[in-house]
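For the numbers below, each heavy atom of this structure counts, side chains included, while hydrogens, waters and symmetry mates do not. Order of listing sets the numbers, starting from 1, for every ligand and every atom in it. The chain is numbered in sequence order, starting from 1.
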Amino acid sequence: MSQLSTKHLLGIKEINESDIQLILQTAANFKEVINRPIKKVPSLRDVTIANVFFENSTRTRLSFELAEKRLSADVINFSSSNSSVKKGETLVDTVNNILAMKVDMVVMRHASPGAPHFLSRNVKANIVNAGDGTHEHPTQALLDAFSMQEKLGDLAGKKIAIIGDILHSRVALSNIFCLQKLGAEVMVCGPVTLLPKYISSLGVKVELDVKKALEWCDVANVLRIQLERQQIKYFPSLREYSLYYGITKKMLDSLNKEIVLMHPGPINRGVELSSDAADSDHSIILDQVENGVAVRMAVLYLLAGSKA
Ligand code: CP
């Protein structure tokens, strides 16, 4: 199979294992390309892509833009904070006006869960979800899976613990769907107030003790405490969270095994991860960022060629 089953990437829930494997294999080819002295290929020379961001981003926005430029696409960037959205323009009107400038694909980050799904039903362009509220962040899960495979090979049967603020995380849900489709065992770990009530219905193990989670897993994917989404107090203080759930290099070194440490960024240093853990030999956090460009190149390239 050399084509995706879809013309949009809305979430990992909507794609199948073959789609995921195709994206990961294509990303491996692009990773080889972007490590050459000449990093650019002409694959999307006649394609125009709009990066439409209604929420802040460092990694995802820059990584998509670089991926698009490495593929020779024409790129425009939209940020809601200095746009006519501030004058009351709707999402569909905003995107249709961008598309009127002959844009083929829209990469969108939005605070509302389901916003990319809504857009895909109302505009004529390929839509890529770059994070929709607390729902999904599919390219993050794909780059996470790619990075895990680089360290561990086939993920079938591997044990992945997702640790931290699961309740407010779009990375958690996309990772759970992606890893399960690849045959991995998934555990979530965090204080009970930061675990959604429905979580065990997704077929994941649930653990409240971070030390037990670290002893169980091959990979610890640690998530940020998302204070900006927390309207009430879910734990007494950041100091207490760090005391019970913060991961240090000493904890990782004391395990009687190899463990891979991941984090999607941005990190709250000294809260979910100590600086010495984040910067340790266990960590592949910057490899994740590097791999993001190749994975996003693969997604854009395959969607541009999709006949779905
Ligand atoms: N991991 C991630 O989505 O980071 P940004 O919010 O900086 O894009």
Side-chain angles (χ1 to χ4, degrees), residues 9-13 23-24 27 49-70 75 77-81 105-116 127-148 150 160 162-179 188 190 194 219-230 247 260-269 271-273 277-279 283-300:
L9 180 60
L10 302 176
I12 301 292
K13 190 173 186 183
I23 293 167
L24 298 181
I49 304 177
N51 300 313
V52 177
F53 278 66
F54 290 87
E55 257 194 0
N56 295 341
S57 169
T58 298
R59 280 145 290 270
T60 311
R61 196 173 65 76
L62 292 176
S63 179
F64 266 112
E65 185 173 346
L66 201 52
E68 291 150 7
K69 289 179 171 168
R70 298 274 191 252
V75 179
N77 290 306
F78 165 96
S79 147
S80 62
S81 57
M105 278 195 203
V106 175
V107 175
M108 184 174 77
R109 171 168 287 189
H110 201 284
S112 298
I127 306 295
V128 183
N129 180 1
D132 60 328
T134 57
H135 181 219
E136 279 225 41
H137 191 349
T139 56
Q140 181 69 46
L142 290 163
L143 75 88
D144 287 347
F146 185 92
S147 306
M148 289 179 210
E150 274 192 333
I160 320 297
I162 304 172
I163 300 172
D165 184 355
I166 312 295
L167 185 67
H168 300 99
S169 173
R170 50 191 168 218
V171 175
L173 201 54
S174 286
N175 259 265
I176 290 168
F177 292 142
C178 188
L179 292 166
V188 295
L194 291 178
V219 178
N221 196 356
V222 182
L223 303 181
R224 182 171 67 91
I225 291 295
Q226 301 204 26
L227 290 171
E228 76 278 19
R229 295 193 203 277
Q230 299 183 9
I247 295 173
V260 178
L261 179 69
M262 301 176 66
H263 191 301
I267 303 170
N268 293 310
R269 284 180 182 258
V271 180
E272 65 265 4
L273 279 184
D279 302 332
S283 166
I284 61 163
I285 293 170
L286 290 179
D287 299 314
Q288 291 173 258
V289 179
E290 180 187 344
N291 291 333
V293 177
V295 167
R296 291 180 173 116
M297 285 172 80
V299 166
L300 297 166

For [atom], grab the closest protein heavy atom and report residue, atom and distance to one decimal in Å.
atom	result
atom 4 (O) of ligand 1	R59 NE, 3.0 Å
atom 2 (C) of ligand 1	T60 OG1, 3.5 Å
atom 6 (O) of ligand 1	R109 NH1, 2.9 Å
atom 1 (N) of ligand 1	P264 O, 2.8 Å

- [ ] Spell out, as yes or no, whether a donor-acceptor pair under 3.5 Å connects the side chain of S174 to the backbone of H137.
- [x] yes

TODO: Report yes or no: does N129 contribute a side-chain atom to a donor-acceptor pair with the main-chain N or O of L10 at less than 3.5 Å?
DONE: yes

TODO: Of all the heavy-atom pairs spanning T139 and V295, show the shortest one and how long it is.
DONE: O-CG1, 4.2 Å

Open item on the list: What I want to find out is whether R170 reaches E55 closely enough, with some N-O distance under 4.0 Å, to be called a salt bridge.
Closed with: yes

- [ ] Considering the heavy atoms of G265, write down every atom of ligand 1 situated less than 4.0 Å from one of them.
- [x] 1 (N), 2 (C), 4 (O)

- [ ] Give the numbers and elements of all ligand 1 atoms closer than 4.0 Å to a heavy atom of T58.
- [x] 5 (P), 7 (O), 8 (O)

Task: F64 six-ring face occupied by R296 cation (under 6.0 Å, within 45°) - done: yes

